[in-house]
Protein chains: 4
Amino acid sequence: MTEATRKPDASRRSQRSREAILTAAMELMAEVGYAKLTIEAIAARAGAGKQTIYRWWPTKSAVVLDAFRLNAETQEDEVDFPDTGDLDADLRIVMRAIADECNNPRYDGPARVMIAEAQHDPEFGAEAREAFLLPAITATKERLRSGQRAGQLRADADLDVVVELLFGPIHHRWLHSTAPITHAYADQIVDYVLAAVRP
Amino acid sequence: MTEATRKPDASRRSQRSREAILTAAMELMAEVGYAKLTIEAIAARAGAGKQTIYRWWPTKSAVVLDAFRLNAETQEDEVDFPDTGDLDADLRIVMRAIADECNNPRYDGPARVMIAEAQHDPEFGAEAREAFLLPAITATKERLRSGQRAGQLRADADLDVVVELLFGPIHHRWLHSTAPITHAYADQIVDYVLAAVRP
Amino acid sequence: MTEATRKPDASRRSQRSREAILTAAMELMAEVGYAKLTIEAIAARAGAGKQTIYRWWPTKSAVVLDAFRLNAETQEDEVDFPDTGDLDADLRIVMRAIADECNNPRYDGPARVMIAEAQHDPEFGAEAREAFLLPAITATKERLRSGQRAGQLRADADLDVVVELLFGPIHHRWLHSTAPITHAYADQIVDYVLAAVRP
Amino acid sequence: MTEATRKPDASRRSQRSREAILTAAMELMAEVGYAKLTIEAIAARAGAGKQTIYRWWPTKSAVVLDAFRLNAETQEDEVDFPDTGDLDADLRIVMRAIADECNNPRYDGPARVMIAEAQHDPEFGAEAREAFLLPAITATKERLRSGQRAGQLRADADLDVVVELLFGPIHHRWLHSTAPITHAYADQIVDYVLAAVRP
DNA sequence: TTCTAACCGAGACGGTACGTCCTGTCTTAGC
DNA sequence: GCTAAGACAGGACGTACCGTCTCGGTTAGAA
C-alpha cells in the first residue's frame with residue numbers, strides 16, 4: 001500500500017471555496033436544520049464540487065463545527081470575564097450574558113446542533129467541549145478562585161461544583177425548554193449559589 | 001376535506017408485531033447506535049413489513065421513543081419519591097439514584113438519544129419531556145414543598161429553581177462528560193443546595 | 001395435506017359483487033390501461049373486498065378476460081357469417097366488419113390487451129384464442145369450403161392458408177399500426193386473395 | 001423553465017456498466033420472463049446502481065429494447081435481401097428465413113415481448129417498429145419493386161399490400177400459435193401471393 | 001326458528017419492487 | 001494538483017400493491 005491516506009496540500013487550498021462552503025453550511029443549517037442538511041446541497045449552494053468538501057472535512061459535523069467557529073470568530077464578543085472585586089455583580093453580568101445567548105438564535109441553533117451531535121459522536125463532543133465550553137468554565141473558575149482568595153467564598157468550596165451550580169440550572173432550563181430564561185432568573189441563580197457558598 | 005390522511009384502525013393492531021418492532025429497535029439501538037439505525041433494519045429484524053412501521057409511527061424517533069417507554073415500563077423501578085420527614089436524607093437517596101442512572105448504560109444510551117433528538121425536533125422533545133423528565137421534576141417539587149411546609153426550607157424559596165439547582169449540575173456533568181458522577185458528588189450537590197435554601 | 005385448495009361454493013356467489021368487479025375492471029382498463037390496473041383499485045371501485053376477487057379469479061388477466069366476455073355478451077353482434085352464394089361479396093362484408101372492429105375502441109383496446117397478455121401467458125392465450133379467435137376462423141373456413149364446393153375456389157386450395165391470407169394482412173396492419181384500416185383496404189385484400197385461389 | 005429534467009452528460013457514460021446492464025437484462029429476460037423482470041434485479045446482476053439505469057433509460061421496456069438491439073447487432077445475420085432476378089426463389093429464401101426466426105427462441109422470446117409491450121405503450125411500439133419491422137418491410141418492398149420493373153408483378157400491384165400478404169399470414173400463425181411454421185408453409189404463402197399478383 | 005357455515009366488505013399483515021435521494025469514491029476537463 | 005462537475009456503486013427512503021390473513025356483519029340452507 002503506497003500512502004493510502006493521501007493528505008492534500010493545505011497550502012494550495014482555495015480560500016474562496018472554503019468560505020463559500022462554510023457560509024453555505026451555515027445558511028442551510030438555518031433553513032432546513034442539521035438533520036436535513038446534505039453535503040450535496042452544501043456543495044451545490046457553494047458552487048463547489050463534493051470532492052472539495054470530502055477532501056478537507058471528514059464528516060458533515062466537522063463542516064458544521066467549522067462553520068460555527070467561523071461564525072463565532074466573526075462576532076467581536078470575546079468579552080473577558082470581569083473582575084471588579086464585586087463577585088456578586090460580576091457573576092450577574094456573566095450569567096445574564098449567558099441568558100442572552102440562550103435567547104439569541106445565532107447561538108441557540110448552533111449550540112443545540114453541537115449538543116445533539118456530541119451525544120452520538122463522543123470525539124466530536126470532546127472537540128466541541130474543548131472549543132466552546134471549557135474556556136467559559138475555566139474563566140468562571142478563575143474568577144471564583146479570585147473571590148475565594150478575597151474571602152467572599154468559603155475556603156472549602158469546591159469550585160468545580162460551584163461552576164456547575166451556576167451553569168447547570170440555566171443550561172438545564174435551556175436544553176429542556178422548561179421555562180423562559182430571563183435576567184431575573186440569572187440573578188436568582190447567582191443569589192442561591194452565593195447563599196450556599198458564602199463563608 | 002379530501003380525507004388525505006387515512007388513519008388505521010387501532011383496534012385491529014397486531015400486538016405481536018408491535019412488540020417485535022420495539023424490541024428490534026432497542027436491540028439495534030444498542031448495536032449500531034441511533035444514527036445508523038434504519039427503519040429497514042428494524043423491519044427486517046422484527047420480521048415485519050416496513051409499512052407496518054410507517055402505519056403506526058410517523059418517524060424513526062417516534063419508534064425509538066416508544067421502545068424506550070416499553071423498556072422503562074418493563075423495569076420495576078417506579079420508585080416513589082421517599083418522604084421520611086428527613087429532607088436531607090430523602091434528597092440524597094434520589095440524587096444518588098440519578099447518579100446511578102447516569103452510570104447505567106441502560107439509561108445513559110437512550111437518554112442521550114432522546115436529548116439529541118429533542119434538539120432538532122421540538123415536538124419530539126416535548127413528548128419526551130412529558131414522559132420522562134416532568135414526572136421526576138414534579139415528584140421532586142412535591143417533596144420540596146412538603147419540606148417547605150415542615151419549615152426545612154425557606155418559605156420564599158422558588159421550588160422550580162431549587163429543582164433546577166439539584167438536577168442542573170448533575171445533568172450538566174453527565175451531558176458534557178466533564179467529570180465522573182459519584183455518590184459523593186450527589187451528596188455534595190444536596191449539601192450546597194440545602195445550604196442555599198435553609199431558613 | 002387436507003384439501004389445501006379450498007374451492008368456494010359457487011352457488012352462494014354474490015352476483016352483485018361479480019358484476020361490480022367486472023364493471024370496475026372494464027372502466028379502469030379504459031381509464032388507466034392494463035399495465036396500471038391493480039386489483040386493489042378494482043376492489044375499491046367495486047366496493048368489494050380484495051379477497052372476493054382473489055376467491056373467484058386466479059389472476060388479474062382472468063378478471064379482465066371475464067370483463068371482456070361480459071362486455072362482448074352485452075353486445076348483440078353475434079352476426080352469422082353470410083352465405084349469399086356470392087363468395088366475393090360475402091368476404092367483403094366480413095372483412096369490412098373486421099376493419100370496423102379494428103377502428104372501434106370498444107374492441108381495439110381489449111383485443112390489444114389480450115394479444116399482449118397472451119404473449120407472456122400461453123395458457124391465457126389458449127383460452128382467449130378459443131373464445132375469440134377460433135370462432136371467426138372456423139366460420140370463415142366454413143364459408144370458404146362452401147365456396148370451394150361451388151367451384152368458386154380452386155379445389156386444391158388449402159383453406160387454413162386462405163383464412164390466414166385474409167386475416168393475416170389486416171391483423172398485421174392493425175397490430176403494428178403501420179397504416180389506416182379502411183373498407184377499401186378490406187376490399188383490396190379480398191381481391192388479391194380471390195385472385196390467388198380462383199380456379 | 002425551471003430546468004426540471006436535468007439531462008446527463010452522455011460523453012461521460014460508462015460503457016462498461018451499459019453493457020453489463022444490457023447483458024444482465026437479456027439473461028434475466030431468458031430466466032424469468034419480461035413480467036417478472038425487475039430493475040432491481042438487473043442492477044444487482046450487473047453490479048450497477050439502480051440510479052445508473054434510471055439515468056439512461058426511462059422505463060424497463062426501454063432497457064429491454066436496447067438489450068434486444070445489442071443482441072441483434074451482435075448477430076452477423078444482417079443478410080441483404082437477395083436479388084438474383086428470380087423473384088420467386090428470392091421470396092422463398094426470405095420467407096423461409098422468417099419461418100426459421102419464428103422457430104428460434106432467440107428471436108421468438110424477444111419478439112413476443114416487444115409485441116406485447118407495444119400494445120400498451122404506443123411510443124415503445126413506434127420505436128420498436130422503426131428498429132425491427134420497417135427495415136424488413138422496406139427491403140421486401142424494394143425487392144418487389146425491382147420485380148415489378150422486371151415485369152414479374154402486375155404493374156398496378158399495391159406493394160404495401162403485397163408485403164402484408166406475405167408477412168401477415170406467417171405473422172398471424174406465429175402470434176396466435178395456431179399451427180406449426182414450416183418451410184413448406186413459407187413456400188405456400190409465396191405461391192399464393194405470387195399467383196395473386198402475377199401479370 | 002335457530003344454528004352454523006360460507007360469503008362479504010374492510011383492511012392489517014409480511015413482503016417485494018418501485019423511483020428518488022444521498023453517500024463517499026472516482027473520472028474528466030479546466031485553470 | 002487543486003478545482004467544479006458529475007457519473008458511479010451502494011443503500012435507505014417512504015409509497016404502492018401483492019396475495020394472505022383475520023375481523024365482524026350478513027345471508028342462506030340444515031337442524
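By convention in this document, chain letters (A, B, ...) are assigned in the order of the sequence lines, proteins followed by strands, and residues within each chain are numbered from 1. Predicted, not measured: the structure shown is a model, and the values here were computed from it.
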Which comes earlier along DNA chain E counting from the 5' end, the contact point of C:A44 or that of D:P58, where each point is its nearest nucleotide?
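The residue closer to the strand's 5' end, by nearest nucleotide, is C:A44.
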Name the residue closer to the 5' end of DNA chain E, choosing between C:I21 and A:T59 according to the nucleotide with the nearest heavy atom.
C:I21
Go through the steps for C:D9 and C:R12 under the test salt bridge (charged side-chain N to carboxylate O under 4.0 Å, His left out), then give the verdict.
CA-CA 6 Å; C:D9 179 349; C:R12 304 194 48 184; 5.1 Å; no
Earlier contact from the 5' end, DNA chain F, for D:E40 and A:A46:
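The residue whose closest nucleotide sits nearer the 5' end is A:A46.
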Whole angstroms only, please: what is the [atom1]-[atom2] distance between [X] and [N]?
X	N	atom1	atom2	answer
C:R45	E:dA10	CZ	C1'	19 Å
C:W57	E:dC8	CH2	C1'	13 Å
A:I53	F:dT3	CD1	C1'	13 Å
A:Y54	E:dT25	OH	C1'	9 Å
D:Q51	E:dG24	CD	C1'	15 Å
C:R12	F:dT27	CZ	C1'	6 Å
A:I39	E:dT25	CD1	C1'	14 Å
B:R18	E:dA12	CZ	C1'	16 Å

Can you check whether [X] has a side-chain N or O nearer than 4.0 Å to OP1 or OP2 of [N]?
X	N	result
B:R55	E:dC13	yes
B:W56	E:dC13	yes
D:T52	F:dA7	no
B:S14	E:dA12	no

I want to check something: taking the side chain as every heavy atom from C-beta on, are [X] and [Y] in contact at a cut-off of under 4.5 Å?
X	Y	result
C:Q119	D:Y34	no
C:M114	C:F124	yes
B:L65	B:E117	no

Just call it for [X]: base, sugar-phosphate, or nothing, with non-hydrogen atoms closer than 4.0 Å on any strand.
X	answer
A:R13	sugar-phosphate
A:R16	sugar-phosphate
B:S11	nothing

What I want to check is whether an N or O donor and acceptor connect the side chain of B:K50 with the base of E:dG15 at under 3.5 Å.
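In this structure, the two groups form no donor-acceptor pair.
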Could you check whether C:R45 pairs with C:E31 (Lys NZ or Arg NE/NH1/NH2 to Asp/Glu carboxylate O, under 4.0 Å)?
yes
